[in-house]
Amino acid sequence: MKCLYCGCTDRQACPSGCYWAAPEICSTCAAAPRAVVPGQLWRDVDGNARVFGVVRVDQVLYAVLARTRGKNAPRGRRPFIFPVESLRRGDDGWQRQQEQGRG
Ligand SMILES: [Zn+2]
Ligand SMILES: [Zn+2]
């Protein structure tokens, strides 16, 4: 396995050491500020969406997202992809959401 973000591998971990935080995303990158990692909740003007994965297409990283609620949700929770860099920049009003308290 190879990290999508930094390219570290099972044989060549990050200098400080790392483990797999998610498929193809190492713990170093998952802990980075503004990292986009499966399981996170993000939000734009249409509502919340959860990150289900990160895929690389032609050297560009995309987050795989699915709506959790909001006006687009009733049309089936079809996943969609959005460039990771655009999420990080906050294009279209995207912001990371903190999970509501779960104890
Ligand atoms: Zn990494
Ligand atoms: Zn690493």
Side-chain angles (χ1 to χ4, degrees):
M1 199 149 60
K2 185 175 178 181
C3 180
L4 285 165
Y5 291 115
C6 70
C8 74
T9 65
D10 289 304
R11 289 188 176 189
Q12 191 145 31
C14 290
S16 54
C18 62
Y19 57 90
W20 298 112
E24 297 184 90
I25 299 174
C26 82
S27 55
T28 305
C29 296
R34 303 189 73 72
V36 177
V37 179
Q40 290 175 343
L41 195 62
W42 286 69
R43 180 182 178 81
D44 74 350
V45 292
D46 291 326
N48 290 349
R50 191 171 295 283
V51 178
F52 279 86
V54 177
V55 295
R56 184 190 287 278
V57 180
D58 279 350
Q59 308 301 318
V60 180
L61 290 175
Y62 293 88
V64 181
L65 296 141
R67 294 285 175 195
T68 57
R69 62 186 174 86
K71 62 189 176 197
N72 285 347
R75 295 191 60 187
R77 297 184 177 181
R78 263 198 317 194
F80 59 98
I81 63 172
F82 199 76
V84 165
E85 278 308 313
S86 296
L87 277 179
R88 286 177 166 165
R89 278 199 308 260
D91 289 1
D92 296 349
W94 282 102
Q95 287 183 326
R96 172 90 188 275
Q97 292 295 106
Q98 296 302 323
E99 297 284 344
Q100 304 291 322
R102 276 192 195 157

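Counting convention: from 1, in listed order, for ligands and their atoms alike.
When the side chains of ILVMFWY residues are joined at heavy-atom separations under 4.5 Å, either directly or via intervening members, Phe82 and Val54 end up in a single hydrophobic cluster. One hydrophobic cluster, built from ILVMFWY side chains closer than 4.5 Å, cannot hold both Tyr5 and Tyr62; they sit in different ones. By the criterion of side-chain heavy atoms lying less than 4.5 angstrom apart, applied directly or through intervening Ile, Leu, Val, Met, Phe, Trp or Tyr residues, Tyr19 is not grouped with Ile25; the two fall into different hydrophobic clusters. With hydrophobic clusters built from ILVMFWY side chains whose heavy atoms lie under 4.5 angstrom apart, Leu61 shares a cluster with Leu87.
Without hydrogens or angle criteria, Arg88 side chain to Arg34 main chain gives a donor-acceptor distance under 3.5 Å.
Note that NZ of Lys2 and SG of Cys26 are 12.5 Å apart. Values are rounded to the nearest 0.5 Å.
Protein atoms that are N, O or S and lie under 2.8 Å from the Zn ion (ligand 1) are these: Cys3 SG, Cys6 SG, Cys26 SG, Cys29 SG.
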